[in-house]
Structure formats: C-alpha cells, structure tokens
There are 4 protein chains.
Amino acid sequence: MAKKKINPQELLDAAEELLLERGYSGFHFGALSEKLGIGRSTIYEYFSDKDELITAYMDQVMNRVIEDCRECAPLSGLNRLKGYLNVFLRYTQIQRIIQILPMLDLSASPEGGEAVAKLIEQHRLIHRWIVEAIEEAKSMGEIRSDQSTRLIAAMIFSSIQLPDVMQGESVTGEMVIDLLYQGLHPDNGSPNR
Amino acid sequence: MAKKKINPQELLDAAEELLLERGYSGFHFGALSEKLGIGRSTIYEYFSDKDELITAYMDQVMNRVIEDCRECAPLSGLNRLKGYLNVFLRYTQIQRIIQILPMLDLSASPEGGEAVAKLIEQHRLIHRWIVEAIEEAKSMGEIRSDQSTRLIAAMIFSSIQLPDVMQGESVTGEMVIDLLYQGLHPDNGSPNR
Amino acid sequence: MAKKKINPQELLDAAEELLLERGYSGFHFGALSEKLGIGRSTIYEYFSDKDELITAYMDQVMNRVIEDCRECAPLSGLNRLKGYLNVFLRYTQIQRIIQILPMLDLSASPEGGEAVAKLIEQHRLIHRWIVEAIEEAKSMGEIRSDQSTRLIAAMIFSSIQLPDVMQGESVTGEMVIDLLYQGLHPDNGSPNR
Amino acid sequence: MAKKKINPQELLDAAEELLLERGYSGFHFGALSEKLGIGRSTIYEYFSDKDELITAYMDQVMNRVIEDCRECAPLSGLNRLKGYLNVFLRYTQIQRIIQILPMLDLSASPEGGEAVAKLIEQHRLIHRWIVEAIEEAKSMGEIRSDQSTRLIAAMIFSSIQLPDVMQGESVTGEMVIDLLYQGLHPDNGSPNR
DNA sequence: AATGAATGAGATTTCATTCAT
DNA sequence: AATGAATGAAATCTCATTCAT
C-alpha cells in the first residue's frame, strides 16, 4: 500500500542492527523488512540474495575501519598502535562480523567467493599494519623487543572485543595501551607518569 | 541399516565439532547424524530438540572450565590468574560458545530458559573469580594497584580468543601474564628476568 | 508452477471438506494443499499453524450458527425451538467439530487458548438459548412443565447429529419437534393433526 | 529393568482411557506405554500394530454392547427399546468410537479391513434391532404408527451421546423413553401417570 | 516375555526467492 | 521502484515399527 521510499544505506544500517541483535542465523529478510516497514521482496531490488547483502554490509564496515586506520598512518610506533586501538574500540561489531565470515564461503557463489576473499584480505591487511607498527615501535626503542610481536599483535587484535566484555563501561585505546605499556609489575615506572 | 550403538558423549563431541565448524546456524541434526552415521531421529532419543543439545554441550564445557578453574584455588594472586589464563587458552571454544548463548534464550522454553540462565551465571562466576584474583594480587603488592581492575579482568577474559587470532601458533598463560606483567615499556625490569 | 491465486475462504472451505472426510488426525497441510492444487507452504501465509486454521474454521461455522440462531429470536417458545433445530440440522458439521475442540486446547498457545475458549463460550451460549426457549415454552403452557428442562435441551442438542445417523435421509426441525411434541403414546392427540 | 507383567486386558483398558482422553490422533503407543509404565515395544508382543489394537478395543466394546442388547431380547416393544437405551447410556464411549471407525479403513490392511467391516456390520445390527423393536411396539399398538420409524430409531441412536451433553447429570433409559413417550404436548396424558 | 535403542517415513514449519502487478 | 502473493527446498520434529538382547 504505502509505498515507502527505500535508500540502500538504510538497508545496510538495519542489517547491522539485526545481525548484532540476532546473529547470522537469526537474520532473515522477513525480520529485516519488518524492522524497516517495507515489503520483503523489495530487498531483492537492492541485493540479489541474502549473502550479498551481508557481504555488502561487512564490506562497508571493513572499508570504514581500513579508512580510519589509514588516517593513523602519519603517526608512528606506539602512537599508531594507540590510534589503531581507538579505531577498533569504535567498531565493536567487527569482531562478531569476522566470526560470520566463515558462514558465507560455504555456499560460496563464484562472485560471492570473491567478495569474501576480499574481506579476508582486508582483515589480513589490518593485522599486517599492526605488526608493522609494533616492529616500528620496537626499532624506535619505544617498546621492549623481547616480547613476541605476534603475541602483542594478537592481544591488540583481541582487544576489539573489550567493549563487549566490559558491558557498557567505556574503554579507550589510551587506557589499553597504558595498561600494556606500564605492565602490571608494581615497580614499573611511576604510577602517575 | 546396521543399528549403530550410540553413546551420549559421542553426540556431544560431534556436536562440538559441528558447532565450531559451522556455527549455530549451520548446525543441523541432519549434519550431525550424517557425521555420526546414525539416523537423524535417533538424536531425538537423547535430546528433545536442537537447543537442548546445544545447551547440554555448552553446559558440559562450562562445567569443565569451572572445574579446571577451581583447581587453581590453592594458588594465589598472580599465579591464580596465570592458572585461569591457562584454562581459558585450553578451552578455545568457550569464546564462540558464549556468543551462541544469546541465540538460545529467545525461543527459551521454560526449562531451556533455566539452563541458559545457569550458563550465564557460570559465566559471571568466572568473571568474579578473575576479579578476586586481581584484587588479591593487588593487595599482596604483586601488581600495581593503579590500573583498573575491571579493565585487567576484561583483558584477561578476552584473551580467551587469542588462540583463535593467533591461528595455530601456541600461546600459554605464562606468555600472556609475562606480557601483561612486564609491560611493553623498554625500561621495565630486566629483559631476561 | 502456475501461481494459483488463493482466497482465504477457499482455504476454509477445503479445510471443512478435509476435516469431515478425515477427521483431525487425517488433516494435514499436505492433503489440503493437494486438494487445492497449491503449494504446501502457501497455507502458512494465511494461518500460522494447523491449529490456527482449524480454529478459524470452527469459529466461522460457530459464527454462522450463532447468527442463524439469532434470527430465531423473534419467534417464541416452541417455534423458537423448531427454528434452532432447523439451524442445527443444517450445520451437521458442528457436532463433529465440537468433538475436535478438546484436541486443540492441549498445545494451546496463548492466543490459541483464547480462540478455543471463545468457541466453548459460544457453545454454552447456544445451550443457554435452548434452555431459555424451553422455559419460555413451558411458561407459555405450550409444553408440559413436568419434564426436565435439561433433558429436553440435551435431546435437542444431540439431535444435531441426526443427519449423520440417518445417513442421507433428510430430517427437518418440524419433524423432530413433531415427534417430541406428540410423543409416541398412541393416544396422544389425533394422529393426523 | 523392572519387568512388569502385562495382561492384554490392561492394555485394552488403558487404550480406552487414552482414546477417550485424547482421541484417535492423540493416541500413541508412547503415551499408552507411559500410562502403563511399560516399554513401548512391549505392546507389539500383543498387537501387531496400532490399528489392530484400536480395532481389538472397539471390537470388545461392541461385543459387550451386543451381548447386553441380546439380554433385552426377552422384552418386547417399548420395554425392549427402554432396555436398549439403558445399554447405550451405559456405554457412552461407543458414540466416539463409532466416529473413529472411518479413520481406520483408509490404511485398511486386508485383515484390518475385515475387522472394520465386522464392526460396521455390528453397528448395523444394533440399528436393525432398534428398528425391529419400534415396529413391534407399533404393531402392538404401544406407540403411534404415524411417526417415522427411521426417525425414532435415529433419535434413540443419537441418545447415546446424552450423557456427554448432560455433563455428569445422570440420565436413564426410562427418563428418555418417558420423554419420548409422553411427548411435550401439555395435554398428553396425566403428568404423573 | 519384556525391553531399550535405533530408525524411516512422513508431518510440521521456516525462509529465501520468484513472479505478476 | 515497490510490493503482495506463491512456492520449493530444506530443517525440525513425531511416531509407528523393527531388532538385538
């Protein structure tokens, strides 16, 4: 009846909400159309199938993350890491989204496969940037070089989900870096440095 | 055809494999029965529906984790934290499993609801233990007291997924604690302590 | 294949046929869709489950019966009873349908429960009307007052299934009332009144 | 474990309870075995399939009814009718059971078919007896001969379900016959005859 | 004789997707 | 461009029935 005008971005926004609320399996076009107050079949005018929509959404988030990360490029070493962390803590979703990724490549239509491959590639790219920043910080003498780069990278990467674990209490990249930098050792530096 | 004997534990083991391979939405009794070479309906003799099986599986994992954590009780402060971390790093699955939890409590049958509530309670219990260990370590002077207990707890909790992020390369609780303890500051302690 | 247009009323009509042919347990959406030459899942666009469809059907029949009974309101006493009987004899189905009722309220979804409760209420309403008509007839001196109102009501109520028992041979309310009114006593009234 | 001794009659008794409680579709071997506290498969030692059990049960009821009806043979006319009515009012179940009959002959295994045919035959037999008694009563001048024998028979037959309609209040054959005999006409006979 | 365990056939239900308007 | 209506394919679930012990 009421022919509501649709804008593709609205679709992606609603998709995000739904994905985060119900996860991949609870994500139906039925629920999506209901949330938007549009007809179920209307979605097909924009995305040829479910996985394409999800992929498009994930792609969008990834692009934003990548873009934000690129803005940290001028920074160096520890500051870049801090910058990355702030980005990650802003995009809480990506953690969950990354976990949805493997569900897509099974039914992998040829083109779908490419899109997923691209996502995985971007994922690796971010990891590589972190590793580079760590190595730079090490070579600059900013951080100790006797800790495993991979482990540090992994800890920073997994910090992505801190906001989830901390349930509401806000965390910033500075806080995390401070913790990692100072360490828990009671004799490390001065408390109020 | 051949009436293969089934043991409930096999079911849970296969369920774990399937859940980790395909996630909640890719988890079907069809796939499970195929994996085990048994009739689909046989599974219903053991679990009255899909969610009950998944809940039972999660319950089992949680119980093991809790049990293993309890074994750390004799340790104190930092050592207990190290112990917990080692437990978490052993049970990589729980991270993903915790993310499946919210999918269960929607359709929540009365009893199902209880089971899920129990899981959430156990989840909180573990978090409380971590907090207690951190506070003990602080009061014992083992770690600095000017870092947020909640943030430390969150970092330890989110370390659960390190094995996932590090894709195969092994991590131990000692490594993580060492990193957190020494910190990244180049002047902290002696490198080879 | 060919997307046959469906009208909800057709569904209820076919459902009636099927219910009367095969009873509650022989009533499947499979059989229904076959009878109508439509896809099985199409039915779910109209009724969210089997019981809802059956309840909707029964509700429709009940409403018609109630409506027809209401039309007898202007009549009084014996004539109203005659009117009711004619209605009942027209809706042979309700007898069987009433027997299906108890099968529905077990699984009773919240809303389903209400629908069933409504049916039972309507059922009682009709019974009350019969009782009232009998009492009126008694007070008007149309019928003897030394017979149990409840028994008379029950006999009229159970006449509903006369068409079933008489297998094809037609019965009218007049015939039944005549039999009940004159009685079998050979000396009652004049044979050819 | 506990090997409970089973007696075939118990099975039929429990089957009756279940049939009346839940109808044909709610009648499962699972429910039956639960009610008796025996193993589900044990039932197969006594009845080779579900329909055979139901048929056996119905057969038993029918035989009892037929037998009881035969005991009315010495009576004549109106008294025999009264006798039949008393029998019917004792076996409330048969009404429901007769409605289950048609559900059996669909899957009709060859032997099952015979059993069902037998039931239908017995059903007709009873109807014939009623007709004979009515005709006898007519020829004896006990009842008016200007009322349709078939209608009278149908009314008596459908009285079977009076106990159901009257919900608990007891009815006797005498009461029904009295009502039918005296009729509702206020001038018929003396009230207290 | 009694049973627990396993299963296949079929009913119920959900949902992505297509199609005509 | 937007939608309501219809559908097939696949998943969930139930139950009569078989089989080995």
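Each chain gets a letter, A, B and so on, in the order the sequences are listed, and its residues count up from 1.
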Quiz item: Is it true that B:F29 and B:Y44 have ring centroids separated by less than 6.0 Å?
Solution: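 Centroid distance B:F29-B:Y44: below 6.0 Å, so yes.
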Practice problem: Take B:Q60 and B:E16 through the test side chain to side chain donor-acceptor pair (under 3.5 Å) and record every step on the way to the result. | Solution: CA-CA 11 Å; B:Q60 174 184 257; B:E16 168 168 88; over 6 Å; no
Exercise. Please determine if a side-chain N or O atom of C:Y46 lies less than 4.0 Å away from the OP1 or OP2 oxygen of F:dA6.
Key: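 Checking F:dA6 against C:Y46, a side-chain N or O does come within under 4.0 Å of OP1 or OP2.
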Practice problem: Specify the residue among A:Y44 and B:I43 whose closest nucleotide of DNA chain E lies further upstream toward the 5′ end. | Solution: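 In this pair, the answer is B:I43.
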Could you tell me the separation between the [atom1] atom of [X] and the [atom2] atom of [N], rounded to a whole number of Å?
X: C:F47; N: F:dA5; atom1: CZ; atom2: C1'; result: 15 Å
X: A:D49; N: F:dA9; atom1: CG; atom2: P; result: 17 Å
X: C:L36; N: F:dA6; atom1: CG; atom2: C1'; result: 13 Å
X: B:H28; N: F:dA10; atom1: NE2; atom2: P; result: 11 Å
X: A:R40; N: E:dC15; atom1: CZ; atom2: C1'; result: 7 Å
X: A:I54; N: E:dA16; atom1: CD1; atom2: C1'; result: 12 Å
X: B:K50; N: E:dT14; atom1: NZ; atom2: C1'; result: 11 Å
X: B:I6; N: E:dT7; atom1: CD1; atom2: P; result: 6 Å

Exercise. Using a 4.5 Å cut-off on heavy atoms from C-beta on, say whether the side chain of C:I43 contacts that of C:S33.
Key: yes
Practice problem: Side-chain contact test, heavy atoms from C-beta onward, threshold under 4.5 Å: evaluate it for D:L36 versus D:T42 and give yes or no. | Solution: no
Quiz prompt | Upstream residue (5' side of DNA chain F) when B:F29 and B:E45 are each assigned their closest nucleotide | solution = B:F29
Picking from [options], which would you name as closest to the side chain of [X]?
X: C:I38; options: F:dT7, F:dC13, F:dA2; result: F:dT7
X: A:S41; options: F:dT17, F:dA5, F:dT12; result: F:dA5
X: A:T42; options: F:dT3, F:dT7, F:dT17; result: F:dT3

Quiz item: So what's F:dT18 paired with, Watson-Crick or G-U wobble, going by both distances under 3.5 Å?
Solution: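 Its partner is E:dA5.
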Exercise. Determine which nucleotide pairs with F:dC13, using a 3.5 Å limit on both distances of a Watson-Crick or G-U wobble pair.
Key: E:dG10
Quiz item: Would D:K35 and D:E21 pass as an ion pair if we require N to O under 4.0 Å?
Solution: yes
